[in-house]
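The structure appears below as structure tokens.
The sequence lines fix the lettering, A, B, ..., with proteins before strands; numbering per chain opens at 1. Because the structure is predicted, anything quoted here is derived from the model rather than measured.
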Amino acid sequence: MDPVKITIDGREIVTEKGKTVIQAAEDAGIDIPHYCYHPKLTIAGNCRMCLVEIEKMPKLQIACNTLATEGMAVKTQSPKVLEARRAVMEFLLINHPVDCPICDQAGECWLQDYYMEHDLAASRFEERKEHERKREIFGPYVVFDGERCIKCTRCVRFLQEVTRTDELTVVNRSDHATIALFPEKTLDNPLSVNVVDICPVGALTDRDFRFKVRVWYLKKTPSICPGCSTGCNISVETYQNRIARFKPRVNEAVNSHWLCDEGRYSFHGLTEGERLTSPMIRQEGGLVAVDWDTALRAVATGLAANAPAAAILSGRNTNEEAFLYSRLMKQFVSDGGLEVFYRERELTEVEKILKSPDRSPNFRGARHMGVGSEAGVEPLLKNIIDGKFRSAYVVGEDLASLSDLGDRLKSALGKLSFLVVQDTRMTPTAALAHVVLPSTNFAEKEGTYTNRRGRVQKLNPALVAPAGALQDWEIFARLLGESYDRPADIFAVLSRQLPAYAGLDYEKIGALGADLEAQHQ
Amino acid sequence: MEKILLRNIDAPDSQTLEGYRACGGYRALEKVLREMTPEKLIDEVKASGLRGRGGAGFPTGMKWSFVPKDNPKPKYVVCNADESEPGTFKDRLLIEKDPHAIVEGTIIAAYAIRSHTSFIYIRGEMFYGAQVLQRALDEAAGAGYLGKNVLGSGYDIDLILHRGAGAYICGEETGLLSSLEGGKGWPKIKPPFPATHGLFGCPTVVNNVETLAALPWIITEGAARYAAIGTEKSKGTKLFCVSGHVKKPGVYEVDMGYPFKKFLEEDCGGMANGRKLKGVIPGGASMPVLRADELDGITMDYESFQAAGTLLGSGGVIVMDESTCMVRAAWNLSRFFAHESCGQCSPCREGCHWIEKILNRVEHGAGKPGDLEKILSVSGNIGGNTICPFGDAASWPPAAFIKKYRGEFDEHIAAGKCTIH
């Protein structure tokens with residue numbers, strides 16, 4: 001690194017050669033307002049919001065395209081700069097409909113925020129506003145409002161530079177310039193909704209989230225996407241104990257600024273629908289509700305009496321849960337009988353930018369905990385179909401509904417002497433069970449996932465689990481006859497026992513996760 | 001005054017290769033290829049004092065010298081023939097009457113920066129001009145002035161004519177390059193500059209038609225002769241396109257430093273219809289207007305116009321007599337710029353139409369107190385804060401009109417109607 005010394009508003013800052021003024025300021029915690037600049041996209045320089053005064057330069061310069069050079073003196077708060085910023089705000093708003101009361105972006109809109117900070121004056125514009133296209137469907141998840149658009153071209157650049165799918169461009173000139181789909185194109189690439197995240201205003205909104213809840217009511221919980229084993233960092237945003245949306249959290253070691261569409265909407269399938277609120281045991285005439293003690297006793301005796309057992313843990317279970325499950329089930333299984341659910345699929349080139357070829361966010365961690373092997377779950381599923389087991393304990397996976405093997409698994413599971421299904425809903429698999437144990441989903445859990453690349457990251461509970469359900473780790477602990485206050489206690493035990501996790505401290509994993517040491521990845 | 005740029009205009013068949021050769025055409029290229037290294041050529045053009053004739057007046061030889069010699073990428077010269085500044089029609093005359101001078105000048109410039117493929121970007125509306133230029137290119141290729149091993153010198157050069165699609169902004173050099181690359185004609189942010197990162201990211205020089213057309217004469221007659229004409233900082237001759245209320249509008253070639261008033265009164269025959277002069281836009285529509293009483297002592301060169309608070313620009317002289325409504329003139333210009341703003345950066349995209357809308361109101365009787373201050377404020381917020389010089393070009397004229405004819409604007413607002421017509 002070549003150090004470069006500059007001053008910003010009189011404050012001396014050491015940055016490195018090649019950095020722009022806006023980057024140097026950002027690193028030093030100085031916010032230079034901007035719209036079109038995005039750290040992951042090329043420089044467009046079109047919004048003119050980041051104009052700053054630089055000593056010895058007659059004109060104001062855009063901080064996003066000005067390299068920091070030795071001795072440069074930058075002013076971000078001079079009267080000239082403040083007036084230019086106010087003017088840009090005024091320009092951006094003259095043709096804007098100012099329909100904040102019905103705009104989803106309200107509350108997280110850069111126009112609103114910067115207006116409060118840098119303008120705060122009544123409009124001087126007395127002419128007729130230009131109108132633009134409203135509510136144009138760009139794709140399955142994205143809708144466009146041309147009147148709210150400030151033409152920063154972040155969306156266009158994202159689609160050119162990140163996905164390279166080129167669905168959008170700018171058409172027309174002057175104040176009729178607007179964003180548009182290329183003919184015959186739809187904004188439906190697997191990362192399409194990132195354009196909504198990077199749109200600083202209400203021009204591009206999320207059709208799934210639209211009109212659901214005002215953003216200032218959202219509770220934001222940092223967590224990990226359960227969609228696949230990339231482990232994208234997300235903010236789970238909830239309202240009245242329901243997930244309203246996922247937003248990506250920036251983590252350069254994992255997902256940068258992005259989140260794929262499949263992961264983004266995965267919460268619908270995983271958290272919605274009627275929940276199980278009581279353990280159940282099969283009696284004549286069907287499943288009947290019982291208390292937890294009765295149900296857990298039935299599991300213990302049923303498994304002991306019906307060896308060998310097949311044990312399948314969901315890829316969405318945490319390391320702490322997997323650690324206990326592994327120790328529990330090793331009492332009842334023989335070789336190859338204990339696996340984490342992990343199946344691969346083909347990905348397109350655009351999907352490969354972010355996605356992993358699975359839907360098991362913690363398969364890597366589960367294997368570290370002793371659940372399963374590199375052989376994977378396929379041989380186990382085949383053995384279940386072939387009737388090699390007398391019992392099974394299936395956690396969080398609806399095997400009877402798998403598109404390829406579902407019918408044969410349903411038939412095989414139905415023939416078992418003893419089947420335990422632990423899940424959040426009455427799935428077709430749970431309907432076959434002798435004992436059903438109501439548990440929790442990823443958004444109700446606390447714990448850790450280890451992603452495909454060996455990075456340990458924390459899940460935080462964003463939702464309150466329904467009364468009657470127990471956390472998966474509590475169920476396993478009770479079956480083991482052990483007692484923990486919280487997942488951190490389990491992590492403390494597992495990190496003592498597993499060399500790969502030895503250096504990790506639950507409290508120090510932090511919001512961005514921690515890599516396992518290279519030899520264990 | 002010796003004609004340099006218009007030397008061939010009246011010659012018979014000047015637009016053909018034969019006609020051009022009869023006037024001594026392509027002798028400069030022969031001299032360059034036989035006697036001069038690119039370095040010597042650049043020095044010669046530097047010594048001539050030739051400055052860019054597109055409007056900015058940047059020294060041509062120095063512009064060429066910014067192209068890095070050791071850059072392994074292809075290098076390009078682009079002849080800017082996208083003449084679209086209102087009031088400017090000098091390049092069109094050269095294109096239609098003396099196309100080979102442009103071709104020869106472009107080849108000489110290409111040789112100076114060691115380019116082997118170069119372009120002429122011509123305004124889409126100049127359909128006839130494009131036909132004439134294409135014919136000239138074909139003739140030049142047939143005669144061995146273009147293509148492989150030009151005149152046996154070992155130097156290869158291809159020259160490609162490209163027609164624009166009708167946007168004023170494509171006359172701005174980086175907007176032109178974006179358009180030539182096949183994209184929307186959006187100016188590029190600088191840095192980097194075209195000299196190092198121009199067309200397709202390669203070192204590029206963009207020169208105006210008139211600049212390039214001056215090169216053959218400079219080479220054959222010598223830089224010293226060219227530099228002997230004009231003033232200290234404005235060398236040689238310049239084309240001026242005179243339009244409006246004069247007896248003899250047209251394209252004139254004038255030695256730099258010629259008295260402006262004399263030019264209007266004698267060369268252009270004075271005011272038409274016996275009316276009095278009210279104002280002149282001296283350098284194309286984007287340059288600040290001058291009142292009649294400001295013309296005394298002004299000479300036609302970069303320094304003198306600048307000292308008078310305007311610029312030489314493209315040399316488009318628009319003359320307005322006392323029957324002209326200055327509010328309407330300002331509105332007319334603002335409408336052009338509002339229509340032609342490329343829409344890329346916020347101040348210009350939003351501000352140009354704002355100014356146009358207010359001026360429209362004032363001209364049509366709906367002006368309000370405070371409107372003029374608002375225009376001056378908005379214009380000040382555009383100028384200097386945009387990606388390309390268009391923001392200045394669009395914001396200077398209305399501000400200058402208001403400042404210089406304030407009384408007339410105030411009368412419009414007070415009367416609630418146009419007070420001239």
Side-chain angles (χ1 to χ4, degrees), chain A residues 20 34-37 42-52 57-62 64-67 69 80-81 83-96 111 123-130 149-153 156 160 169-179, chain B residues 166-170 174-175 183-192 335-361 366-368 370-371 373-375 377-392 394-395:
Chain A
T20 58
H34 58 273
Y35 290 101
C36 67
Y37 166 75
T42 54
I43 301 299
N46 61 37
C47 76
R48 316 309 283 179
M49 191 65 182
C50 71
L51 284 168
V52 292
M57 293 196 181
K59 285 186 186 180
L60 298 180
Q61 300 292 319
I62 46 173
C64 65
N65 194 48
T66 305
L67 285 176
T69 53
K80 209 173 153 193
V81 172
E83 173 54 18
R85 229 176 253 168
R86 191 207 58 76
V88 170
M89 282 311 306
E90 182 175 47
F91 285 133
L92 292 178
L93 287 170
I94 62 174
N95 285 311
H96 185 282
L111 275 175
S123 176
R124 297 192 294 166
F125 186 74
E126 298 173 274
E127 323 305 319
R128 188 181 64 86
K129 287 189 188 239
E130 295 302 317
C149 176
I150 60 166
K151 276 66 83 174
C152 70
T153 68
V156 175
Q160 285 172 347
T169 187
V170 184
V171 297
N172 297 337
R173 279 202 315 242
S174 179
D175 57 4
H176 295 286
T178 186
I179 305 293
Chain B
Y168 172 73
I169 196 61
C170 293
T174 57
K184 190 173 164 64
W186 269 10
K188 300 168 189 243
I189 46 171
K190 295 177 231 176
R335 202 169 38 168
F336 172 80
F337 289 112
H339 181 68
E340 292 293 347
S341 166
C342 83
Q344 186 179 192
C345 65
S346 317
C348 177
R349 179 183 65 236
E350 306 292 339
C352 291
H353 260 291
W354 191 0
I355 292 175
E356 184 273 325
K357 283 172 178 174
I358 301 175
L359 283 171
N360 188 351
R361 265 200 295 110
K368 288 185 238 177
D371 276 348
E373 288 71 21
K374 204 186 285 177
I375 293 170
S377 156
V378 171
S379 143
N381 288 334
I382 301 171
N385 289 339
T386 52
I387 291 177
C388 80
F390 183 102
D392 301 331
S395 60

With only heavy atoms counted, which part of B:Lys368 is less than 4.5 Å from chain A, the side chain, the backbone, both or neither?
side chain
Salt bridge (charged side-chain N to carboxylate O under 4.0 Å, His left out) evaluation trace for B:Arg361 with A:Glu127
CA-CA 9 Å; B:Arg361 265 200 295 110; A:Glu127 323 305 319; 2.7 Å; yes
Side chain, backbone, both or neither: which part of A:Thr169 has a heavy atom under 4.5 Å from chain B?
neither
Before accepting this row, confirm whether a basic side-chain N of the pair A:Glu126/B:Lys357 lies closer than 4.0 Å to the acidic partner's carboxylate O.
no
Which distance, rounded to the nearest 0.5 Å, do you find between the CG of B:Asn360 and the CZ of A:Arg128?
11.0 Å
Counting only heavy atoms closer than 4.5 Å, note whether B:Ile169 contacts chain A via side chain, backbone, both or neither.
neither
Pair count under 4.5 Å, heavy atoms only, with chain A: among B:Glu340, B:Gln344, B:Glu350, highest is B:Glu350
A:Asn95, A:Val88, A:Val170: which one forms the most heavy-atom pairs within less than 4.5 Å of chain B?
A:Val170
Where on A:Ile43 is there a heavy atom nearer than 4.5 Å to chain B: the side chain, the backbone, both, or neither?
both
If you tally heavy-atom pairs under 4.5 Å between each of B:Cys345, B:Ser377, B:Gly380, B:Gly351 and chain A, the highest tally belongs to B:Cys345
Looking at every heavy atom in both B:Arg349 and A:Ala177, which two are closest together, and how far apart are they?
CD-CB, 4.4 Å
Measure A:Gln61 against the heavy atoms of chain B and call it side chain, backbone, both or neither at under 4.5 Å.
neither
Minimal non-hydrogen separation, A:Ala44 against B:Ile387, with atom names:
O-CD1, 4.2 Å
Most chain B-contacting option - heavy-atom pairs closer than 4.5 Å, from A:Ile150, A:Leu67, A:Thr178, A:Thr66
A:Ile150
In this structure, CG of A:Asn46 is separated from CH2 of B:Trp186 (nearest 0.5 Å) by 6.0 Å
Count the heavy-atom pairs under 4.5 Å between each of B:Gly370, B:Pro347, B:Gly384 and chain A, then report the option with the highest count.
B:Pro347
Give the member of B:Ser346, B:Ala338, B:Pro191 that has the highest number of heavy-atom pairs under 4.5 Å with chain A.
B:Ser346
For a quick check under 3.5 Å, do B:His339 and A:Ser174 share a side-chain donor-acceptor pair by atom type?
no
Which one of A:Arg124, A:His176, A:Arg86 has the most heavy-atom pairs closer than 4.5 Å to chain B?
A:Arg124
Rounded at 0.5 Å granularity, tell me how far CZ in A:Arg85 sits from CG in B:Asn385.
12.0 Å
What part of B:Cys352 is in contact with chain A, defined as an atom under 4.5 angstrom from a non-hydrogen atom: side chain, backbone, both or neither?
neither
Among A:Asn65, A:Leu60, A:Val171, which residue forms the greatest number of heavy-atom pairs with chain B at distances under 4.5 Å?
A:Asn65
Roughly how far, to the nearest 0.5 Å, is the CZ atom of A:Arg48 from the CD1 atom of B:Ile382?
12.5 Å
